J.: 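My questions will all concern the structure given below.
Only this structure's heavy atoms are used, side chains among them; waters, hydrogens and symmetry mates stay out. Computed from a predicted structure; not experimentally measured.
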Amino acid sequence: MTPELADSPFLRACRRLPVSHTPVWFMRQAGRSLPEYRAVRGEVPMLTACATPELIVEITMQPVRRYGVDAAIFFSDIVVPLKAIGIDLDIKPGVGPVVAEPIRDAAAIETLRPIEPGDVSYVTEAVRALTGELGPTPLIGFAGAPFTLASYLIEGGPSKNHDHTKAMMYGEPRLWHAMMERLTGITLEFLRIQIAAGASAVQLFDSWVGAVAPEDYREFVLPHTSRIFAGLADLDVPRIHFGVGTGELLALLGEAGADVVGVDWRVPLDEAARRVGPGKALQGNLDPATLFAPWEVVERRAGDILARGAKAEGHIFNLGHGVPPSTDPDQLARLTDFVHRTSAR
């Protein structure tokens with residue numbers, strides 16, 4: 001890592017060091033709302049795009065060029081490693097990941113083999129190309145957390161209540177832990193592959209873990225998440241942990257071992273700092289729906305988040321979830337500039 005990259009506001013904020021301004025990036029900034037993304041993706045299926053290095057590089061770079069954000073997020077999807085090890089799944093437009101044969105027994109769990117660098121050579125190629133093109137701008141690698149991946153595999157697709165997932169978790173705990181152990185190994189290795197190729201930070205997305213009560217998180221999820229963060233400690237890159245609807249889990253998310261805890265829009269950042277406790281930076285947390293309001297509303301709410309974020313030991317400005325597909329890119333450009341100007345030290 002070059003000195004200029006190591007000294008970037010994003011990486012400094014992750015490490016709770018003084019910054020020249022509050023860094024900002026947006027979850028799902030690569031793609032979705034950008035017309036240049038739609039132009040380059042065209043009719044290419046999502047999982048094909050995620051396995052094409054030239055497309056990965058171009059789509060990852062687009063928001064960096066347009067917005068001047070302080071970090072790039074690798075263009076991919078959380079189910080990419082599952083597809084790479086042979087799971088029969090697809091991402092259906094308007095639906096999300098759909099698994100042909102849900103995994104609900106010991107024999108099916110055996111199909112979750114370890115991932116190897118050769119399974120995702122396109123990831124290594126794209127990350128290396130991106131780090132060369134990004135220069136002093138950090139690249140964030142990412143993966144889906146075991147609980148969220150397990151939910152897709154067990155339910156067969158997106159789920160509102162995660163009934164089958166919880167049925168296995170509560171009713172067949174040995175089977176559950178066997179599945180989580182395999183997914184933990186896959187996730188950990190997938191993140192290590194991205195770091196080895198040049199990613200300078202990683203984010204673990206546990207999108208659906210907010211469906212779990214704190215005591216169940218501690219028993220059924222925390223040991224596996226902790227193993228991932230512990231397994232990255234030797235690589236000395238910032239580790240970010242994010243979930244949706246996790247207000248009641250914030251202390252546990254911090255306990256899992258990440259350097260930065262992502263906060264959705266439901267908990268104010270000063271309160272989130274109290275719940276997470278010392279020794280962590282925070283990331284967040286503008287409600288994505290705010291982007292559809294008049295600019296003066298966006299400005300006021302963003303300013304409030306910056307003020308509350310100052311109570312944290314480190315703060316990275318972000319949305320409380322991903323950029324909605326119909327967002328006006330000009331609104332995000334204006335927001336990035338506002339955060340930079342308002343927080344300039």
Side-chain angles (χ1 to χ4, degrees), residues 28 31 41 44-53 55-56 74-127 141-169 172-194 197 202-209 211-212 220-221 224-225 227-228 231 243:
R28 293 188 184 148
R41 254 281 310 270
V44 179
M46 180 64 174
L47 286 174
T48 301
C50 291
T52 307
L55 276 177
I56 296 171
F74 188 72
F75 173 71
S76 189
D77 190 90
I78 64 170
V79 299
V80 162
L82 300 180
K83 182 74 172 179
I85 64 167
I87 301 299
D88 186 1
L89 58 82
D90 196 12
I91 298 177
K92 297 193 174 179
V95 179
V98 176
V99 180
E101 296 182 17
I103 294 179
R104 296 176 184 170
D105 58 37
I109 289 173
E110 290 292 322
T111 64
L112 297 172
R113 67 166 177 84
I115 194 167
E116 300 174 2
D119 296 320
V120 286
S121 56
Y122 47 86
V123 169
T124 297
E125 181 181 341
V127 170
F142 76 90
F147 177 87
T148 293
L149 295 179
S151 176
Y152 280 122
L153 291 171
I154 296 168
E155 303 292 339
S159 171
K160 184 177 181 181
N161 298 315
H162 311 280
D163 292 335
H164 293 290
T165 305
K166 290 185 175 183
M168 181 189 292
M169 192 171 74
E172 299 180 89
R174 290 182 64 180
L175 192 64
W176 169 262
H177 285 296
M179 185 173 195
M180 290 288 279
E181 284 169 11
R182 288 186 177 240
L183 291 172
T184 294
I186 292 165
T187 298
L188 174 56
E189 180 59 21
F190 189 56
L191 289 172
R192 289 186 70 93
I193 288 168
Q194 293 173 69
V202 289
Q203 177 158 311
L204 189 68
F205 283 89
D206 213 348
S207 306
W208 307 134
V209 80
V212 177
F220 296 111
V221 182
H224 307 287
T225 310
R227 183 181 145 206
I228 292 170

J.: State which residues pass salt bridge (charged side-chain N to carboxylate O under 4.0 Å, His left out) with Asp77; sequence neighbours excluded, sorted by chain then number.
T.: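 Checked Asp77 against salt bridge (charged side-chain N to carboxylate O under 4.0 Å, His left out); zero matches.
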
J.: May I ask you to test the Leu112-Met179 pair for a side-chain heavy-atom distance under 4.5 Å?
T.: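 Yes, at least one pair of side-chain atoms sits under 4.5 Å.
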
J.: Considering non-hydrogen atoms only, spot the tightest contact between Pro158 and Pro97 and give its length.
T.: CD-O, 3.2 Å

J.: Can you tell if the side chain of Thr165 reaches within under 4.5 Å of the side chain of Phe147, non-hydrogen atoms only?
T.: yes

J.: To check you understand the geometry: which heavy-atom pair defines the closest contact between Phe190 and Phe142, and what is its length?
T.: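 Scanning both residues, the minimum pair turns out to be CE2-O, 3.6 Å.
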
J.: Please report the interatomic distance CD1(Ile228) to OG1(Thr184), rounded to the nearest 0.5 Å.
T.: 4.5 Å

J.: Would you check if Trp176 and Ile154 make a side-chain contact, meaning some heavy-atom pair closer than 4.5 Å?
T.: yes

J.: Tell me whether the rings of His162 and Trp208 are parallel (<30°), tilted (30 to 60°) or perpendicular (>60°).
T.: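 His162 and Trp208: tilted rings.
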
J.: What is the minimum heavy-atom distance between Gly156 and Pro102, and which atoms define it?
T.: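 Between these two residues, the closest heavy atoms are CA-CG, 3.9 Å.
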
J.: Just one of Ile78, Leu82, Val98 clears the side-chain contact (heavy atoms from CB on, under 4.5 Å) bar with Tyr152, so which one?
T.: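 Running side-chain contact (heavy atoms from CB on, under 4.5 Å) over Ile78, Leu82, Val98 with Tyr152 returns exactly one hit, Ile78.
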
J.: Would you say Glu189 and Asp119 make side-chain contact, with heavy atoms under 4.5 Å?
T.: no

J.: First locate atom CD1 of Ile109, then atom CZ of Arg182, and finally report the distance between them rounded to the nearest 0.5 Å.
T.: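 Answer rounded to 0.5 Å: 8.0 Å.
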
J.: Please check if the side chain of Thr187 supplies one atom and the backbone of Ala145 the other of a donor-acceptor pair under 3.5 Å.
T.: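 No.
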
J.: Where do Phe75 and Ile56 come nearest, in terms of heavy atoms and distance?
T.: O-CG2, 3.6 Å

J.: Please give me the minimum heavy-atom distance between Gln194 and Gly141, naming the atom from each residue.
T.: OE1-CA, 3.1 Å

J.: To the nearest 0.5 Å, tell me how far Thr148 OG1 sits from Leu153 CG.
T.: 11.0 Å

J.: What residues form a side-chain contact (heavy atoms from CB on, under 4.5 Å) with Ser121, not counting sequence neighbours?
T.: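 Checked Ser121 against side-chain contact (heavy atoms from CB on, under 4.5 Å); zero matches.
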
J.: Under the side-chain contact (heavy atoms from CB on, under 4.5 Å) rule, collect the residues that match up with Ala108, sequence neighbours excluded.
T.: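 Only Ile103, Asp105 meet the side-chain contact (heavy atoms from CB on, under 4.5 Å) criterion with Ala108.
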
J.: Might you point out which heavy atoms bring Ile186 and Pro81 nearest each other, and give the distance in Å?
T.: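 In terms of heavy atoms, the two residues are closest at CG2-CB, 4.0 Å.
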
J.: Asp206 side chain to Pro146 main-chain N or O, any donor-acceptor pair under 3.5 Å?
T.: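 No, because the side chain of Asp206 does not come within donor-acceptor range (under 3.5 Å) of the backbone of Pro146.
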
J.: Between OG1 of Thr52 and CG of Leu47, what distance do you get to the nearest 0.5 Å?
T.: 10.5 Å

J.: Can you measure from OG1 (Thr48) to CZ (Arg41) and round to the nearest 0.5 angstrom?
T.: 8.5 Å

J.: Got a donor-acceptor contact below 3.5 angstrom from the Glu155 side chain to the His164 backbone?
T.: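 At least one qualifying donor-acceptor pair exists.
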
J.: Roughly how far, to the nearest 0.5 Å, is CE of Met180 from CZ of Arg227?
T.: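 Here the rounded value is 10.5 Å.
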
